[in-house]
Amino acid sequence: MISLLVMLSFKLIGDDMAASITNVLSSLNFNQLLLKGMLGFLLFAGALEIDLHALRKQRWEITVLVLFSTLLSTVIVGYLAYWLLAVLGWSIPLIYCLLFGALISPTDPIAVLAIIKQMNAPQGISIQVEGESLFNDGVGLVVFTTIFAVAFSGTEPTFAGVAELFLSDALGGIAFGFVLALIGHFLLCNSRGDANIRLLITLMIPSAGFALANMMEISGALAMVVSGIFIGNVTRAKVADPNDPSGSQYINNFWHATDSFLNALLFLLIGLMLVTMNVTLVEVGIGLLMVPVVLLARFISVGIPFSVFRRFRRYDVNSVKILTWGGLRGGLALAMAASIPSGEMLVRGVDIHNLLLIITYMVVIFSIVVQGLTIAPMIRKSIKANRIKVRKEKADRRAEPAA
């Protein structure tokens, strides 16, 4: 919301001030700042909060949602956007549409997670949303990086080449994440009694560790997720001091505040960057037109796996609806859109970088403002249905002996 206010107030300030802000923003390298810097801290902070025990119960569902659903959503969004834009007279190559599908498919439900936890939503749904959002951030970034390389490398893509790039990026990131976690675990276990030292060790992982992963050209995002989950579950329980619980709470509070601050800063930076562009109503309209496309792709990519899951396990009746409407898009999508190079291609006089960034921003704003504010009634309905179901099952069990 602050970024929207900044965009509106930008027009009210003087030309000199506007020119100064534009010059400062144009000197920023958003790819380095967001994807090579802030992203590591955001993913590590989020992964620290994951409950590994609950995650294991939903491991197959989350794995399928992260891999199959993210890839399927990327393809659906890409082809639907390609067809729809062509109908509107905006002939954009398919590879750029798939690039948009890759950056908009990963969910980032920070706001809806707060609502779910506050309302004590069913744990199954909560862990599915939370686990999927973290892991498909990493997988989505790998898919985006793969398509990005194909789009801007100038070479003809092959299935073997794309598969090798994807697997080396993803598997390398997961393996490196375990290495970082083991090093961090060893250091933290041998630094008990000093909360400041432990905090500095945790800072080492998303800073030096993330930078090293990028230098090795593997997925730093997946490395941060894996190491964060390990440190947050295995290491935290090992180093917890019952005589000084404030030490662990101090570290938890720091990372929670860091996560909130960096997400707010990310939206503010993107909002400032957008005010330097010449945004037209046509581009805004195209962005709004992409909203139902993204939601439809999300519904299909989530609904197909759950139609199979329900054959083996019982789920909340509103699982697909909540996962579809609650799958918010956020900072990661904006960061990836901002990293697309400028000047590579013009479509009807509009830079493809600007067009995809504006479309992404409109989808993200709709996601957070509209979906984020209307998900609560759906969760309440789910909670009520679960309570009725539990009461009915208890009544049936009490009636069995009498029968």
Side-chain angles (χ1 to χ4, degrees), residues 2-11 13 15 18-36 38 74 77-78 80-106 141 144-145 147-152 154 266-291 293-294 329-368:
I2 293 176
S3 64
L4 284 174
L5 293 175
V6 168
M7 293 177 68
L8 295 174
S9 61
F10 190 84
K11 305 300 181 181
I13 64 178
D15 293 338
S20 300
I21 295 175
T22 302
N23 290 334
V24 171
L25 291 173
S26 62
S27 65
L28 291 176
N29 187 328
F30 279 88
N31 184 33
Q32 293 293 326
L33 177 64
L34 302 178
L35 295 185
K36 305 296 184 183
M38 292 170 58
T74 297
V77 171
L80 284 179
Y82 175 75
W83 173 79
L84 191 58
L85 289 170
V87 170
L88 297 174
W90 291 70
S91 298
I92 298 177
L94 178 61
I95 191 67
Y96 290 106
C97 295
L98 289 172
L99 194 65
F100 170 68
L103 68 88
I104 206 65
S105 291
L141 189 58
F144 174 81
T145 304
I147 299 176
F148 186 96
V150 172
F152 299 106
L266 177 58
F267 275 88
L268 182 59
L269 285 172
I270 298 297
L272 286 170
M273 184 172 64
L274 284 171
V275 300
T276 64
M277 301 178 185
N278 293 320
V279 182
T280 66
L281 290 177
V282 174
E283 294 160 8
V284 172
I286 292 175
L288 292 175
L289 202 59
M290 288 297 124
V291 171
V293 171
V294 172
R329 273 68 183 183
L332 180 63
L334 291 171
M336 287 190 282
S339 71
I340 297 173
S342 301
E344 293 290 332
M345 180 182 179
L346 294 178
V347 181
R348 295 178 62 171
V350 179
D351 193 323
I352 192 69
H353 164 85
N354 293 1
L355 179 61
L356 291 181
L357 183 57
I358 293 166
I359 292 174
T360 303
Y361 188 81
M362 296 307 300
V363 174
V364 169
I365 289 299
F366 179 90
S367 159
I368 292 174

Query raised in the report: Under 6.0 Å from the OH atom of Y96, do we count more than 12 heavy atoms belonging to anything else shown?
Result: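 Atom OH in Y96 is packed in, count exceeds 12.
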Just how far is it from atom [atom1] of [X] to atom [atom2] of [Y], taken to the nearest 0.5 Å?
| X | Y | atom1 | atom2 | result |
| --- | --- | --- | --- | --- |
| Y361 | F366 | OH | CZ | 15.0 Å |
| L103 | T145 | CG | OG1 | 11.0 Å |
| I358 | M290 | CD1 | CE | 13.5 Å |
| I352 | C97 | CD1 | SG | 7.5 Å |
| F100 | I147 | CZ | CD1 | 12.5 Å |
| S339 | L99 | OG | CG | 8.0 Å |

Query - Working for side-chain contact (heavy atoms from CB on, under 4.5 Å), residues V282 and W90 - result: CA-CA 11 Å; V282 174; W90 291 70; 3.7 Å; yes
Test item: [X] and [Y] side chains (from C-beta on) under 4.5 Å apart, heavy atoms:
| X | Y | value |
| --- | --- | --- |
| I340 | L357 | no |
| V291 | M362 | no |
| P341 | F148 | yes |
| I359 | E283 | no |

Query raised in the report: R329 side chain to I104 main-chain N or O, any donor-acceptor pair under 3.5 Å?
Result: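 Side chain of R329 to backbone of I104, a donor-acceptor pair under 3.5 Å: yes, one is there.
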Query raised in the report: Side chain of T360, backbone of L356: donor and acceptor closer than 3.5 Å?
Result: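 Yes, because the side chain of T360 sits within donor-acceptor range (under 3.5 Å) of the backbone of L356.
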Report task. Go through the steps for V293 and V363 under the test side-chain contact (heavy atoms from CB on, under 4.5 Å), then give the verdict. Result -> CA-CA 10 Å; V293 171; V363 174; over 6 Å; no
Query - Over all atoms of both residues, closest heavy-atom pair of A102 and M336 - result: O-CE, 4.3 Å
